[in-house]
There are 2 protein chains.
Amino acid sequence: MRKKTSTNALNEKLINDSCGMARALSILGGRWKPAILCRLNHGTMRYGELKKSIEGISERMLVNQLRELEDDQIIERIVYPEVPPRVEYRMTDLGKTMNPLLKAMSDWGNMHRIEVGDPVEDLNINCKV
Amino acid sequence: MRKKTSTNALNEKLINDSCGMARALSILGGRWKPAILCRLNHGTMRYGELKKSIEGISERMLVNQLRELEDDQIIERIVYPEVPPRVEYRMTDLGKTMNPLLKAMSDWGNMHRIEVGDPVEDLNINCKV
DNA sequence: CAGAATCCAATACGATACTG
DNA sequence: CAGTATCGTATTGGATTCTG
């Protein structure tokens, strides 16, 4: 399996020390993974679409995070043998089982916006899990 | 507010771009936070107890992660004016609202142990949310 | 189009020593 | 007991350039 970021690798070591939380976090705790999962939850997307829709992400990180999610079998990568190349990403069945979890995270975050100190209004939220 | 780790700080920038997921992750996505929250979910604990119970954590990181959780008002720190000093940590009311989320994470992680490639049996799980 | 490779600055983190 | 302070290394992640 591909080497993960150290944070995640270390979380994996913690799995037996604490509980399933660390395991879940090791999968979706990456820097850009919430953004990716939010989008793929809506359906299949191409590499370029993801890149455009996730403002500020570098190609390096987009590929990196996609690969980690792929290794964890949360998403899958579909390559069409065409020229120019076309690659699509979508949730796997396992990925779809994360839906209640993604929803719980999203709900909590949206619910407790004020308490956690985000003064910005609801205007720009463009992604609901 | 205290400066967060860059991962979390950057996630906060993503909040308006994606959704509540990033907000939730910015709070519980830290390296040792699952371990801490797992333990404080059981009840109040002293600094030293946390340190002993979380194997491998350095004092630097324990304090760091506790402070971040405190800043986010997920846990609170109670100092008893005694000698020798005694400090206890416990969930705040806001922290307790994370319980469904923590449980969802834990459940998913425990459920999908095999798929995500953890061959270790259930023996050492000492913390259920 | 969808990446891969490389370079470099910023961060995170552990170890250790010290303190009220 | 419950931390702080400091140091050094490892890792991260952005920018840029290159390619089938």
Side-chain angles (χ1 to χ4, degrees), chain A residues 2-14 17 22 25-26 29-36 39-40 44-71 75-90, chain B residues 2-14 25-26 29-36 39-40 44-71 75-90:
Chain A
R2 199 185 318 270
K3 185 178 165 295
K4 289 200 175 188
T5 59
S6 77
T7 299
N8 292 336
L10 287 167
N11 274 339
E12 284 183 333
K13 278 186 49 188
L14 267 183
D17 298 351
L25 264 182
S26 81
R31 166 79 177 75
W32 299 93
K33 286 176 187 174
I36 292 172
R39 281 155 185 83
L40 291 186
T44 300
M45 283 182 82
R46 296 183 60 169
Y47 174 84
E49 291 178 309
L50 283 167
K51 191 169 102 177
K52 253 186 307 186
S53 95
I54 303 177
E55 198 179 356
I57 194 172
S58 67
E59 299 200 339
R60 186 179 182 287
M61 288 315 292
L62 178 54
V63 173
N64 176 306
Q65 304 277 286
L66 286 171
R67 290 292 183 279
E68 286 190 9
L69 288 170
E70 196 191 345
D71 282 345
I75 67 175
E76 59 190 333
R77 180 171 177 267
I78 303 146
V79 184
Y80 296 88
E82 303 172 357
V83 178
R86 182 159 63 103
V87 178
E88 292 186 345
Y89 293 90
R90 70 177 177 204
Chain B
R2 196 184 321 269
K3 185 178 164 298
K4 288 202 175 187
T5 58
S6 79
T7 299
N8 292 336
L10 287 169
N11 274 339
E12 284 183 334
K13 276 187 50 187
L14 267 184
L25 265 181
S26 83
R31 167 80 177 75
W32 299 93
K33 286 177 187 174
I36 293 172
R39 281 157 185 81
L40 291 186
T44 299
M45 283 182 81
R46 296 182 61 167
Y47 175 85
E49 291 178 310
L50 283 168
K51 189 168 101 177
K52 252 186 306 185
S53 95
I54 303 176
E55 197 179 356
I57 195 171
S58 65
E59 299 200 340
R60 187 181 182 285
M61 288 314 293
L62 178 54
V63 173
N64 175 306
Q65 304 276 288
L66 287 171
R67 292 289 185 279
E68 287 191 9
L69 288 170
E70 195 191 347
D71 282 345
I75 67 174
E76 62 190 330
R77 179 171 178 269
I78 304 145
V79 184
Y80 295 88
E82 305 173 356
V83 177
R86 181 159 63 102
V87 177
E88 292 185 345
Y89 292 89
R90 70 175 176 205

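This one's a predicted model, so the numbers in the text were calculated from it and none came from an experiment.
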Report task. Please state how far atom CD in A:Glu82 lies from atom P in D:dG20, giving the value in whole angstrom units. Result -> 20 Å

Query - Nearest-0.5 Å distance, CZ of residue B:Arg31 to CD of residue B:Glu68 - result: 13.5 Å

Requested in this report: Please determine if a side-chain N or O atom of B:Tyr89 lies less than 4.0 Å away from the OP1 or OP2 oxygen of D:dG3.
Outcome: yes

Requested in this report: Please report, rounded to the nearest Å, how far the P atom of C:dA2 is from the CD1 atom of A:Ile54.
Outcome: 14 Å

Report summary line: For B:Val79, the side-chain contact (heavy atoms from CB on, under 4.5 Å) test, sequence neighbours excluded, returns B:Arg77, B:Val87

Requested in this report: Round to the nearest Å and state the distance from B:Arg31 atom CZ to D:dT12 atom C1'.
Outcome: 15 Å

Requested in this report: For the side chain of B:Trp32, starting at C-beta, report the closest nucleotide among C:dG3, C:dA2, C:dG14.
Outcome: C:dG14

Requested in this report: Could you state the atom-to-atom distance from CD of B:Glu68 to P of C:dT11 in whole Å?
Outcome: 14 Å

Report summary line: Rounded to whole Å, the CD1-C1' distance (B:Ile57 to C:dC13) equals 11 Å

Query raised in the report: Which whole-number value in Å describes the distance from A:Glu49 CD to C:dA2 C1'?
Result: 13 Å

**Report entry** A:Met61, nearest nucleotide to its side chain (from D:dA2, C:dC1, D:dG14)
**Finding:** D:dG14

Requested in this report: Send over the distance from A:Tyr47 OH to D:dT19 C1', rounded to a whole Å.
Outcome: 13 Å

Query raised in the report: Rounded to whole angstrom units, what separation is found between the CD atom of B:Gln65 and the P atom of D:dG3?
Result: 15 Å

Query raised in the report: Between B:Asn64 and B:Trp32, is any pair of side-chain heavy atoms under 4.5 Å apart?
Result: no

Query - Contacts of type salt bridge (charged side-chain N to carboxylate O under 4.0 Å, His left out), residue A:Lys51, not counting sequence neighbours - result: A:Glu59

Requested in this report: Indicate for each nucleotide in nucleotides 15-20 of chain C, in 5' to 3' sequence, whether protein heavy atoms under 4.0 Å reach the base (B), only the sugar-phosphate (S), or nothing (-).
Outcome: B----B

Query raised in the report: Taking only residues two or more places apart in sequence or in another chain, which ones pass side-chain contact (heavy atoms from CB on, under 4.5 Å) with A:Arg86?
Result: A:Arg46, A:Tyr80, A:Glu82, A:Glu88

Query - B:Leu50 side chain reached by B:Leu66 side chain, heavy atoms, under 4.5 Å - result: yes

Query raised in the report: For B:Tyr80, which contact category applies under a 4.0 Å heavy-atom criterion: base, sugar-phosphate, or nothing?
Result: nothing

Query raised in the report: Can you name the residues that form a side-chain contact (heavy atoms from CB on, under 4.5 Å) with B:Arg90, not counting sequence neighbours?
Result: B:Thr44, B:Glu76, B:Ile78

